[in-house]
Amino acid sequence: MATELAAHELPKQYDHSQAQSRWYPFWLERGYFHSEPDPDRQPYTIVIPPPNVTGALHLGHALNNSLQDILIRWRRMQGYNALWMPGTDHAGIATQAVVERRLLEEEKKTRHDLGRAALVERIWRWKDEYETRILSQLQQLGCSCDWQRTRFTLDPQCVRAVRHTFFGMFKSGLIYRGTRLVNWDTLLQTAVSDDEVTHETVAGHFWHLRYPVIDPKPGEPAFVSIATTRPETMLGDTAVAVHPDPEQALAAAERALGEKLASASEKERAGLERELQQLVERRRALLPHLIQLRDMALAGRKVRLPLVNREIPLVADVWAKPELGSGCVKITPAHDPNDYEVARRQQLPMINILNPDGTLNENAGPYAALRIAKARERVVADLEAQGLVESVEDREIELAHSDRSKTPIEPYLADQWFVKMEDLSQSAMDAVTDGRVKIVPGRYARGYLDWLSEKRDWPVSRQLWWGHRIPIWYAPTASEADLKRAFAGRADVVWRRDDENEGWLICAQEVDLSEDAIPGHKIEQEVDVLDTWFSSALWPHSTLGWPEQTPELQYYYPTSTLVTNRDIMTLWVARMVLTGLFNVGDVPFREVYIHPKILDGYGEGMSKSKGNGVDPLDVIESVGADSLRFSLAYLTTETQDVRMPVEFECPHCHAHIEQTKKNRVLPRIECKKCGQPFSTQWATRPEDLALARGAVVSERFELGRNFCNKLWNAARFAIMNLEGYSPGLVVPDELAIEDRWMLSRLTTVTTQCTAALEEYRFGDAARVLYDFAWNEFCSFYLEMAKPRLQDPASRANAQRILAGALDVLLRLLHPMIPFLTEEVWQRLGQLAPTRGIDELEPAAESIMIAPWPEADEARADEEIESRFARFQELLAGLREVRSRQNIPPRTPIRFSVRSVDATRDLLAPLTPYFDAMAGAHATAWGPQVAAPPAAASFVAAGAEVFVDLAGHIDLEAEVARKKKELERLASAIAGKQRQLANENFVSRAPAAVIEKERAALAELEQLRATTEAALAAAEGSPGAK
RNA sequence: GGGCGGCUAGCUCAGUUGGUUAGAGCGCCAUCCUCACACGGUGGAAGUCACAGGUUCGAGUCCUGUGCCGCCCACCA
């Protein structure tokens, strides 16, 4: 490798792909990523949020994993025994859905054509392919996961953990089976949990229907009016409800509104008053009618359900709110959650009108086999034909959609499995309230606690084939005696009576039961699988070997930090906490860090379906993993999501084309610059696919790219100047001013960066390093090192400090920029294998395992930093004069400085640097310095500086500028004077603040005096007109 | 309907416990291909800190209200 690393071969631009392909295998080979329990060291552990094996990683993953890697690398350097546990999630519904969709598109087959075993087999193949791809993406990102420990939520170890958990919960009575109304996905034909449902507002209708009263008595209405947004569900109606005490209910509603009005703001008042008015009106118009209907209900009267001609009762139930609609409500127990509750209270039959695939079943009579949308049309038409549609309104309705299949959700009655959440939820709430788990930022704790406090039972069964099959067996024909006999002496089998259905539920801990496990009876395993989150919930302990008390579990558990996205706080984080407590008896992690979300330029979340996603590999390819990681860290601030306008990059001319809502879904786009077309992720037609693909990029990564390139060149400079380096400590007396300044700054920066990482302030850490590296290390330190490196007398020491400082900077940057820092570290190691500032040490064989820099407070030197600030101020002033006067950079200028002796003593020694860095030569320093005849002057660092403009000047500009400057000073002085004249300010503000103001005023006045003098001089000088 | 976050330069964002001339990157203007870096150097222009009140000697920062944007939660026919 030595020849490869020769300094003269260093390219001007950082070659990220070379560094990446060189160092990742090196790290792997050295086993740096691997961790073993070691009682002598403290562990630092992160379990990865396992990505779904549905597809490739997106930018959100890149952010999530970059941050984890930053933490892991940093802690590893700090000396912790760092373990990053990697793996992937089988993602039940999501994965099965993509594979099924492919199956349908490519082979026109459904899962039923294939059968369970064959489908699952296919999904495994899919999983293998995508898992490989995902893990490779993580590696390209530079993630230092312990790959030897890679897990998958459906691998044998996780299966075992799931089985033990289910068994344990079943045995504790936490698991039950029941017929419940669930969110039914008719495409995937499975129940989904509330959390997998999203509500979208769509344009719909509100139908007012009439159900004829059977044998109306005189004075009774002929119809009962009801309203619905889903008319086809009337086929499953089993009652019409009216409030049992409409008078009281209306009165209560009025009272509530009145109270609200009393405490309402002016603005709300009008609306509320109107509302109240309507309510009063309503009571007048509707109440007698509702009372009549209530009486009819109590008398057991019935109405005729049109179309299916079913007689259904009028019932009195509080669910029917008299203040809404017609005051009556149709009851469809099998297809509406509220109606379901009503039916249970009123003991009404429940009629399911749907097949699992979303077509209507035989209960729908003539409408059987129709799809819902079609049935709706027909039902409405038929009702209209019979004059039973009173009116139709347009209305926006909230429609539930399945998050996975994007199809509308149907409430559907089905047998499902549940976990009782009462105690489990409480345990997870306690863990956060008592601080065993700390959530950062703290505001996210609220959502977590609110969600858990509802303690809603967790529906864990899914009607899928891909997942952990529920370890329950049914023995319909067996008696308890049979069970006792068959499983005598087996601690790994328990059974319980099914509370809601006939028969026994048998749960087996680890080994499947065979068909003939009970002699003389046939038993069958439950066909449903478990919710994906059931296995993900176990991730922190299942990956460490639970239920076995492995050394890993004992050593690494509880893990240190969980880094995740706020979207899955409840679904995943809360459940990890409660299963961890249930299974292991301790929380799964000490801290949860919630990072921002990546949004596009419109503030919308990125997703594949919207087409606004950025593929991290595109970014890595164009700017490198380091740039990506650094940019992401830089963007990770505490309160803001990351907004990222995205662009297409033309594959032909590399022009960037803004991505809009319009063009982001096009299969092909024509480059605005070169006119050539390119394809996008939406390309499906062969002629589109044949085009070169345009990457989706964002210019926000240029920050990282530019920074990496800057660092690279700084390193290149250092390396080119380390020829002949000889190790040695520099005694303090021999330290140059800039050395002492640099060491002082390094100390401060180390402190700041470390503190930022400790508090998960990644953006701050990145900013501190960026500003320091660019504006101090490069712009000043390296510039000032140049002359010293040329001079044989100072060269050796300059090299030593340069090598030592670069060494520290690289280590600080390594967690964010692993590849570049390693590349430089290795090259630096060749030229300066032994280096250091406080003591000489051989450099670590890899920066990955080098120690994290420690701040040496003794190096912090305020005096030198303030001296440096004055130098910088003076330098900036000189440069400004040059620029203002349009003096070409190469033309030397001369200046003199009038100041007190102290300032002179401080700055005069830096004279050579003004030459080198501003092309400005100091001709005189001190109190006696007089202004040259034609000069540009300014005040900096408490000194008056005169730039001799003889020869090349625009004095007029100088005069104009001075005048403007005086105006500014006048207004600033006036402001200060006003403030200091303010009685209140002087009497109430702290003395220090007043003192500061006085000093500032004095300084301004002084400045005005010198400026006026300079103006007079300029106006009186020969060049002025 | 409830909750959370945001609103600071053309764009994307920082802004410590309130302290008086509000910062950065990109973009823009001028200038320089000077021997680490044009993915660069130097200088510059650019802001009524969403709006309205309030607290305070002093508010981008604290309080109240309003508006707009985004997200999460919620069973309303």
Side-chain angles (χ1 to χ4, degrees), chain A residues 10 12-14 194-195 199 206-208 226-230 233 241 265-267 319-321 324-332 336-341 398 411 443-444 446-447 450-451 454 566-567 569-570 596-597 599 601-605 623 627 634-635 637 639-645 698-700 702-721 763-764 767 770-771 775 778-779 782-783 786 876 879-884 886 888-890 917-919 968 971-972 975-976 979 982-990 992-994 996-997 1000:
Chain A
L10 288 181
K12 274 190 172 187
Q13 282 187 11
Y14 167 52
D194 290 346
D195 313 295
H199 294 270
F206 199 46
W207 283 271
H208 296 265
I226 53 92
T228 180
T229 54
R230 297 164 59 210
T233 60
S265 68
E266 202 115 337
K267 182 115 192 199
W319 167 240
K321 306 267 160 53
L324 293 175
S326 67
C328 297
V329 59
K330 67 197 265 303
I331 303 297
T332 320
D336 182 287
N338 298 305
D339 296 0
Y340 176 76
E341 293 304 321
E398 290 280 296
R443 75 185 114 96
Y444 291 113
R446 159 112 67 134
D450 284 353
W451 185 82
E454 292 187 20
R566 74 176 99 92
D567 295 351
M569 269 302 276
T570 52
K597 233 179 132 157
L599 309 173
Y602 299 100
E604 297 176 7
V623 299
S627 305
Y634 192 90
L635 294 171
T637 55
T639 51
Q640 286 274 111
D641 281 334
V642 176
R643 193 180 285 227
M644 188 168 285
S698 173
E699 68 174 24
R700 304 211 63 191
E702 285 171 16
L703 173 104
R705 180 198 61 182
N706 294 353
F707 182 56
C708 286
N709 196 244
K710 185 74 179 177
L711 285 171
W712 173 251
N713 278 289
R716 190 164 158 251
F717 168 82
I719 287 163
M720 293 193 314
N721 283 285
D764 286 345
R767 250 165 265 270
Y770 181 98
D771 291 342
N775 300 326
C778 291
S779 295
L782 292 187
E783 288 307 320
K786 282 177 183 174
R879 283 168 168 173
E880 195 197 326
V881 169
R882 174 184 288 285
S883 168
R884 196 196 320 140
N886 282 319
R890 291 195 141 151
M917 298 174 71
R968 188 188 68 85
S971 88
K976 289 263 185 266
Q979 183 171 17
N982 183 336
E983 195 55 38
N984 279 326
F985 175 68
V986 181
S987 62
R988 300 198 196 188
V993 172
I994 296 170
K996 212 174 119 198
E997 287 306 301

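Since this is a predicted model, take the numbers as computed values, not measurements. The sequence lines fix the lettering, A, B, ..., with proteins before strands; numbering per chain opens at 1.
Checking U34(B), G43(B), C4(B) against the side-chain heavy atoms of Pro889(A) singles out U34(B) as nearest. For Asn713(A), whose side chain is taken as the heavy atoms from C-beta onward, the closest listed nucleotide among G5(B), C26(B), C37(B) is C37(B). The side chain of Arg446(A) approaches C4(B) more closely than any other nucleotide in the set A36(B), U12(B), C4(B). Comparing C37(B), G43(B), U34(B) by their closest approach to the side chain of Lys710(A) singles out C37(B). In this structure, of A36(B), U42(B), C37(B), it is C37(B) that holds the atom nearest to the side chain of Lys12(A). Side-chain proximity of Arg716(A) to U12(B), U42(B), A36(B): nearest is A36(B). Considering only the side chain of Ser779(A), U42(B) comes nearest among A36(B), C37(B), U42(B). The side chain of Arg879(A) approaches G43(B) more closely than any other nucleotide in the set G5(B), G43(B), C76(B).
Residue contacts shown for Trp319(A) include a base, since a base heavy atom lies under 4.0 Å away. Counting non-hydrogen atoms under 4.0 angstrom, Arg705(A) reaches a base of the nucleic acid. Residue contacts shown for Thr229(A) are limited to sugar-phosphate atoms, with no base heavy atom under 4.0 Å away. When heavy atoms are screened at a 4.0 angstrom cut-off, Cys778(A) is found touching base atoms of the nucleic acid.
Using atom C1' as the reference point in both U55(B) and A45(B), the two lie 37 Å apart (nearest Å). Taking the P atom of each, G60(B) and G54(B) are spaced 15 Å apart, rounded to whole Å. Separating the C1' atom of C29(B) from that of A22(B) is a span of 22 Å, rounded to the nearest Å. Nucleotides C7(B) and A52(B) are separated by 15 Å at their C1' atoms, to the nearest Å. Comparing A14(B) with C49(B), their C1' atoms are spaced 13 Å from each other, to the whole Å. The gap from the P atom of C63(B) to that of U56(B) amounts to 16 Å, rounded to the nearest Å. G15(B) and A74(B) have their P atoms separated by 32 Å, given to the nearest Å. Comparing U17(B) with C32(B), their C1' atoms sit 45 Å apart, to the nearest whole Å.
Checking the phosphate oxygens (OP1, OP2) of G43(B), no side-chain nitrogen or oxygen of Arg882(A) falls inside 4.0 Å. Contact annotation: Lys597(A) does not reach the phosphate of G5(B) (side-chain N/O to OP1 or OP2, under 4.0 Å). Side-chain N/O atoms of Thr637(A) include one lying less than 4.0 angstrom from OP1 or OP2 on A14(B).
Atom P of nucleotide C76(B) and atom NZ of Lys330(A) are separated by 16 Å, given to the nearest angstrom. Rounded to an integer number of Å, the gap from CG of Asp764(A) to P of U16(B) is 10 Å. One can place CD1 of Ile331(A) at 16 Å from P of C76(B), the figure rounded to the nearest angstrom. Taking atom CZ on Arg443(A) and atom P on C72(B), their separation rounds to 15 Å, with Å as the unit. Across the protein-nucleic acid pair, Asp567(A) atom CG and C72(B) atom P stand 6 Å apart, rounded to whole Å. Atom-to-atom, CH2 of Trp712(A) to C1' of C37(B) comes out at 12 Å; the value is rounded to the nearest Å. Atom P of nucleotide A74(B) and atom CG of Asn338(A) are separated by 14 Å, given to the nearest angstrom. Rounded to an integer number of Å, the gap from CG of Asn886(A) to P of C32(B) is 9 Å.
Between Glu880(A) and Arg230(A), the one whose closest nucleotide on RNA chain B sits nearer the 5' end is Glu880(A). When each of Ala715(A) and Tyr14(A) is assigned the nucleotide of RNA chain B with its nearest heavy atom, Ala715(A) is the one assigned upstream, toward the 5' end.
Using N1 to N3 plus N6-O4 or O6-N4 for Watson-Crick, or N1-O2 and O6-N3 for G-U wobble, each under 3.5 Å, G40(B) pairs with C32(B). Base pairing of A52(B): its partner is U64(B), meeting the Watson-Crick or G-U wobble criterion (both donor-acceptor distances under 3.5 Å). With a cut-off of 3.5 Å on both pairing distances, A59(B) has no Watson-Crick or G-U wobble partner at all. Pairing for A9(B) is absent, with no Watson-Crick or G-U wobble pair whose two atom distances lie under 3.5 Å. Shown here, C76(B) forms no base pair; nothing in the strands shown gives a Watson-Crick or G-U wobble contact with both key distances under 3.5 Å. Across the strands present, A22(B) finds no partner; the criterion is a Watson-Crick or G-U wobble pair with both atom distances under 3.5 angstrom. Pairing for G70(B) goes to C4(B), judged as Watson-Crick or G-U wobble with the two contacts each under 3.5 Å. Across all strands shown, A14(B) has no partner, as no Watson-Crick or G-U wobble contact with both distances under 3.5 Å is found.
Under a 3.5 Å cut-off, the side chain of Arg716(A) and the backbone N or O of Tyr14(A) do not form any donor-acceptor pair.
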Using nucleotides 21-25 of chain B, report all nitrogen or oxygen pairs with the protein that are shorter than 3.5 Å.
| from | atom 1 | to | atom 2 | distance (Å) |
| --- | --- | --- | --- | --- |
| U21(B) | OP1 | Lys976(A) | NZ | 3.2 |
| U21(B) | N3 | Arg968(A) | NH1 | 2.6 |
| U21(B) | O4 | Arg968(A) | NH1 | 3.2 |

Would you check, one step at a time, whether the test side chain to side chain contact (heavy atoms under 4.5 Å, CB included) holds for Thr332(A) with Arg230(A)?
CA-CA 11 Å; Thr332(A) 320; Arg230(A) 297 164 59 210; over 6 Å; no
Would Glu702(A) and Arg705(A) satisfy side chain to side chain contact (heavy atoms under 4.5 Å, CB included), going step by step from the backbone distance to the final call?
CA-CA 5 Å; Glu702(A) 285 171 16; Arg705(A) 180 198 61 182; 3.7 Å; yes
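Contact annotation: side chain of Glu783(A) to base of A36(B), donor-acceptor pair present below 3.5 Å.
Between Asp336(A) and Lys330(A) there is no salt bridge, since no side-chain N of the basic residue sits under 4.0 Å from a carboxylate O of the acidic one.
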